[in-house]
There are 2 protein chains.
Amino acid sequence: MKQTQLFMPTLREVPADAEVKSHQLLLKAGYIRPVSAGAFAYLPLAKRVLNKVESIVREEMAAVNANEMLVPEILPAELWQRSGRYATYGQDLYKFKNRQDRDFILGPTHEETFTELIGNDIKSYKKLPLLVYQIQSKFRDEGRPRFGLLRTREFIMKDAYSFTSDYEGLDRIFNQMEAAYRRIFDRVGLDYRVIVGDAGAMGGSDSKEFSAPAAAGEDTIVYSESSDYAANLEMAQDFYERVDRSAEPKQELKKIDTPNAKTIDELSQLLNQPADELVKTIIVQGPEGELAAVVTTGDFEVNLVKVQNFLGFPEVELADEAMVKEKLGASFGSLGPIGLPDDVRLLVDERAADLVNFAAGANEDGKHYININWDRDVALTAEQVGDFRTAKEGELAVDGKGKLAFTKGIEIGHIFKLGTKYSESLGAKVLDQNGRSVDIIMGSYGIGISRLLAAVSEQKADDRGLVWPASIAPYDVHIVPINLKDDDQAALAADLDKQVQAAGYDDLIDDRKERAGVKFADADLIGLPVRITVGKKASEGIVEVNLRESGESFEMPAADVVERLGEWLQK
Amino acid sequence: MKQTQLFMPTLREVPADAEVKSHQLLLKAGYIRPVSAGAFAYLPLAKRVLNKVESIVREEMAAVNANEMLVPEILPAELWQRSGRYATYGQDLYKFKNRQDRDFILGPTHEETFTELIGNDIKSYKKLPLLVYQIQSKFRDEGRPRFGLLRTREFIMKDAYSFTSDYEGLDRIFNQMEAAYRRIFDRVGLDYRVIVGDAGAMGGSDSKEFSAPAAAGEDTIVYSESSDYAANLEMAQDFYERVDRSAEPKQELKKIDTPNAKTIDELSQLLNQPADELVKTIIVQGPEGELAAVVTTGDFEVNLVKVQNFLGFPEVELADEAMVKEKLGASFGSLGPIGLPDDVRLLVDERAADLVNFAAGANEDGKHYININWDRDVALTAEQVGDFRTAKEGELAVDGKGKLAFTKGIEIGHIFKLGTKYSESLGAKVLDQNGRSVDIIMGSYGIGISRLLAAVSEQKADDRGLVWPASIAPYDVHIVPINLKDDDQAALAADLDKQVQAAGYDDLIDDRKERAGVKFADADLIGLPVRITVGKKASEGIVEVNLRESGESFEMPAADVVERLGEWLQK
């Protein structure tokens with residue numbers, strides 16, 4: 001491709017409103033332009049990257065026998081009303097009416113659409129399993145779109161859905177999809193972690209999230225420095241082995257005045273005890289007003305997501321202080337496990353459950369108990385004990401291998417075991433082997449295709465510009481003749497252009513009338529893997545090769561270039 | 001691909017609401033399913049056809065150096081307000097508000113989007129010409145979506161836009177695009193005609209439409225039986241050579257009573273003169289009330305589009321009869337060219353302009369003049385004479401080669417010279433060679449990708465089902481083992497599957513436990529080009545080959561099949 005025929009408007013200045021590296025560089029290098037807030041045009045270079053990413057996704061989906069489909073983006077509201085999500089999805093759902101005043105939405109995801117399609121046509125377990133996917137624009141009316149392609153209102157997603165008649169089938173496809181996703185992210189050249197996610201709004205039972213570590217990420221990932229373990233902060237677990245301290249001598253329970261000890265730090269100082277030998281107690285509230293007291297050691301925070309999952313509630317929140325005061329007789333900072341009302345359930349983190357002679361609030365403002373011992377002072381059964389704490393950086397990871405580290409990450413993929421949530425609400429059933437009508441079992445599997453461009457840019461770009469892995473670079477080779485009026489340079493550049501294409505690679509040739517400095521700066525900025533500069537030594541058949549990622553640069557005979565391409569462009 | 005893993009729900013019954021062949025068969029063969037009125041899901045077989053069509057389009061676009069891009073589908077209303085189309089596009093435009101109450105539309109086409117993108121970044125004629133395109137879902141809120149993929153609310157379109165600094169550049173790209181479109185439609189195996197279109201709503205100066213003749217088409221195409229000439233009915237021209245009959249003796253002008261001759265037939269009978277020796281007169285009205293009387297011979301109808309284009313009005317309509325009666329003093333059926341008010345412009349079709357001693361209404365109810373002669377009785381200049389008639393089947397085509405025939409056609413592509421309509425309203429300017437700021441000159445070029453599936457189905461399908469050209473068939477080869485429990489059949493089918501793929505073709509293997517009759521019926525229905533039946537003679541290495549389009553069927557050694565594929569699958 002000749003650069004003069006390519007719409008590739010590089011900028012000298014970075015637009016002021018671009019906060020993160022990928023946004024800045026994709027704008028500057030002429031890859032994207034905003035059309036409205038959170039809705040971008042992909043210019044030719046970006047579209048070529050998208051096409052290459054999509055090809056890799058299609059190959060890996062074909063390898064697991066997934067069928068490509070394409071469903072409408074405008075969906076009747078009625079479909080989402082039946083699943084319940086029309087009401088619960090919130091303000092991110094684009095809603096509109098057609099000319100006949102019927103309600104429609106723009107699909108942000110398509111569990112309902114595919115459940116309905118498969119449910120209408122598949123009536124027997126004999127026609128299952130089925131695995132289908134599509135690559136398509138999705139819509140989410142983000143309140144605050146930002147960070148370029150990282151948080152947009154219109155984005156390209158690969159969404160896949162599996163339909164099986166049993167959970168073994170679901171598990172098998174889920175595992176195949178995890179493997180396929182690993183291959184896809186490996187092939188596009190991303191550093192990523194597979195983390196235990198929170199199935200959350202998708203309503204599923206199990207999920208794994210693929211996250212690309214990057215400063216611009218909006219999620220906190222907790223990972224082991226020495227193993228594969230990784231999780232979202234909400235789900236991350238540190239390693240803790242229960243200890244039996246029941247043989248230790250039990251001191252006498254005492255209630256003491258602690259008017260100035262409302263925080264763990266203050267209490268720790270007052271009692272001259274480390275925070276991990278004290279407990280903190282918070283009160284959480286379920287959706288129907290159910291209350292629970294959650295006790296952890298003073299050095300950890302309570303993890304509401306773990307508490308919610310343990311309780312099996314759709315949501316929990318911190319209880320209101322005034323209500324707590326009325327119910328328990330004390331404010332935050334003086335709460336504790338002793339003397340809770342009968343209808344306040346007690347949950348104790350395992351680290352706290354192993355303490356002896358520990359201090360806690362007395363449920364009386366300005367008072368704490370010291371020398372509390374479980375069972376003697378508060379009844380505690382094994383069913384009340386669990387992991388209710390938020391993991392901390394530096395703790396041993398739950399697999400016992402390596403310390404936990406925190407990083408920011410970009411969610412690039414997510415796979416969910418949905419079970420029967422959608423098939424049940426939409427009536428997608430098959431007859432099983434015994435002739436009984438059963439709900440189809442589903443999984444859903446997403447990759448943020450357009451977001452991958454941002455994630456790769458965040459991880460790979462340097463101070464000179466973008467750096468594309470060979471597998472998804474817009475072009476493999478950038479041929480840069482310095483002076484096309486020089487016949488030797490023009491002829492050699494044209495010859496290389498032909499040779500590169502004949503060898504099955506694609507190339508861009510900078511045929512602009514620009515100074516060498518401008519050409520080199522633009523070449524670095526757009527980030528093709530191999531640059532071949534055709535300059536004064538063209539008459540001797542010598543060119544300069546620059547490898548963008550490593551920064552290596554060397555002169556060599558033009559005649560030898562093509563046979564080296566395979567080595568420089570490992571895909 | 002194994003058929004048991006493919007979502008391909010064929011139906012035994014044709015859904016009752018499917019009126020046209022392509023709609024019926026695409027539903028029956030499991031290619032498409034409606035999700036809402038006019039919005040279809042493309043099931044795996046259809047998606048494979050779409051992908052193959054899109055590959056052909058991408059190859060041919062690359063061949064004319066068009067850059068692929070992708071712009072958002074949600075567009076700020078403001079962009080269309082600036083071009084004026086937000087008001088004029090009508091009810092087909094999907095409009096909605098986002099959560100911040102801002103107005104948006106779903107793009108039905110993207111002249112504005114691309115004009116704005118190019119206009120913002122391109123400031124000099126040196127960066128032109130540019131040719132960009134995208135393949136993307138488009139939206140049109142059709143009042144009455146129908147005929148399956150032929151008239152939908154969401155459809156896939158390839159839209160391209162050219163930007164040049166001069167009209168020579170536009171003409172060159174327009175011609176290249178016409179050639180590219182011809183190659184695309186040739187490759188997908190369509191019979192089509194390139195017709196002179198009416199640029200109409202796109203506001204352009206020149207356009208060509210690509211139309212696929214088919215009974216289900218909604219347009220009437222007029223074409224020559226012996227040449228390339230083709231046009232929309234609104235633009236079609238018959239051949240007419242002017243004759244000078246001024247030497248013929250002129251009879252005396254007479255006004256006669258014709259109380260029962262309101263129609264041409266009645267007048268023709270009364271006067272015993274053929275319709276082509278009489279004239280009819282209609283009154284048309286422009287947008288600001290301008291009136292014109294249009295005179296044609298009695299055997300032709302007045303063509304309002306030709307009149308409108310001649311007058312240069314944005315629209316014309318038939319004048320209201322009551323108004324005409326008040327203005328001219330006579331009702332429809334008694335109108336004529338003699339004695340028109342000064343502010344009623346007279347236009348005369350060339351066939352009528354050559355008549356002598358002809359009859360016409362006297363602008364007095366129940367009266368006609370006979371023996372009218374131009375100049376003597378009504379002044380007529382050359383500027384008032386033109387082609388104002390609608391072409392008729394059986395007339396000689398305007399190129400003098402062959403008779404005009406009418407057929408229904410499906411619009412599959414349309415290319416427009418837009419000129420500066422959009423660049424002017426959106427302020428897309430470049431500096432020209434002389435440093436002057438000039439409006440960029442544009443063209444736009446569309447192909448209805450999803451509609452092509454319907455057009456091919458309409459033209460190719462037979463009473464057994466769909467018939468796909470090899471270039472866009474979902475799979476090249478359908479391997480149909482009769483009984484997979486037979487070891488010879490299973491082994492031979494598996495071997496053929498491998499061989500076909502090794503030769504670079506794709507295949508579907510019917511591994512279902514179904515009767516042979518069901519397998520054959522489904523194979524015919526889905527319409528893959530080559531069927532290889534592996535039956536009882538598998539033990540002898542003999543298979544049966546069926547070619548779907550020609551219906552040819554023969555036995556042959558399985559070992560020779562692969563080397564014949566190239567011949568059977570000419571793409």
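Within every chain, numbering begins at 1; the chains are lettered A, B, ... in the order of the sequence lines, protein sequences first and strands thereafter.
Annotation: residues 46-56 of chain A contacts chain B through A:K47, A:N51 [non-hydrogen atoms, separation under 4.5 Å].
Residue A:L70 touches chain B through both its backbone and its side chain, counting heavy-atom pairs closer than 4.5 Å. Heavy atoms closer than 4.5 Å to chain B are found in the side chain of A:I122, but not in its backbone. With a threshold of 4.5 angstrom between heavy atoms, B:I74 approaches chain A through its backbone and through its side chain. Residue A:L131 does not touch chain B at all, counting heavy-atom pairs closer than 4.5 Å. For A:F114, no part lies near chain B; criterion is any non-hydrogen pair under 4.5 Å. If you measure heavy-atom distances from A:I32 to chain B, you find no contacts under 4.5 Å at all. Using a 4.5 Å cut-off between heavy atoms, B:F104 touches chain A through its side chain atoms alone. Of the two parts of B:E142, only the backbone, made up of N, CA, C and O, holds a non-hydrogen atom closer than 4.5 Å to a non-hydrogen atom of chain A. No part of B:R102 comes within reach of chain A, as not one of its non-hydrogen atoms sits under 4.5 angstrom from that chain. Residue A:L93: no heavy atom, backbone or side chain, is found under 4.5 Å from chain B. Neither the backbone nor the side chain of B:L128 comes within contact range of chain A; no heavy atoms are under 4.5 Å apart.
Counting heavy atoms of neighbouring residues, nucleotides and ligands inside a 6.0 Å radius, atom NZ of A:K127 does not exceed 12 of them. Atom CZ of B:R144 has 12 or fewer heavy atoms from other residues, nucleotides or ligands within 6.0 Å. Residue-environment remark: CZ (B:R515) stays at or below the threshold of 12 foreign heavy atoms within 6.0 Å. Counting heavy atoms of neighbouring residues, nucleotides and ligands inside a 6.0 Å radius, atom NZ of B:K126 does not exceed 12 of them. Counting heavy-atom neighbours within 6.0 Å of A:K2 NZ, excluding the residue itself, gives a total of 12 or less. Within 6.0 Å of CD on B:Q100 lie more than 12 heavy atoms contributed by other residues, nucleotides or ligands.
For the set B:K513, B:R153, B:Q134, the entry with the most heavy-atom pairs within less than 4.5 Å of chain A is B:R153. Each of B:D141, B:L45, B:L43 has some count of heavy-atom pairs under 4.5 Å with chain A, and the biggest count is that of B:D141. The candidate with the highest count of non-hydrogen atom pairs below 4.5 Å against chain A, out of B:Q5, B:M1, B:E68, is B:E68. Comparing A:E154, A:R99, A:M69, A:R58 by heavy-atom pairs within less than 4.5 Å of chain B, the highest count is held by A:R99. Ranked by heavy-atom pairs shorter than 4.5 Å toward chain B, the options A:K97, A:Q91, A:K95 are led by A:Q91. When each of A:S36, A:P129, A:A66, A:G30 is checked for heavy-atom pairs under 4.5 Å with chain B, A:S36 comes out on top. Contacts with chain B were tallied for A:A39, A:P44, A:P76, A:A37; A:P44 has the most, counting heavy-atom pairs under 4.5 Å. With chain B as the partner, the residue from A:N120, A:L117, A:L75 showing the most heavy-atom pairs under 4.5 Å is A:L117.
Using cut-offs of 30° and 60° on the angle between ring planes, the pair B:F96 and A:Y94 is perpendicular.
With hydrogens and angles ignored, the 3.5 Å screen pairs no side-chain donor or acceptor of B:E116 with any backbone N or O of A:V35.
For the pair A:N67/B:M8, no side-chain contact is recorded, criterion being any heavy-atom separation below 4.5 Å from C-beta on. A heavy-atom distance below 4.5 Å is not found between the side chains of B:R33 and A:V71. Between B:L6 and A:L130, the closest side-chain pair of non-hydrogen atoms is not below 4.5 Å.
Annotation: ring-ring contact (aromatic ring centres under 6.0 Å, His included) contacts of A:F40 (sequence neighbours excluded): A:H23.
For B:E73 against A:S137, the heavy-atom pair with the smallest separation is OE2-OG, 3.6 Å.
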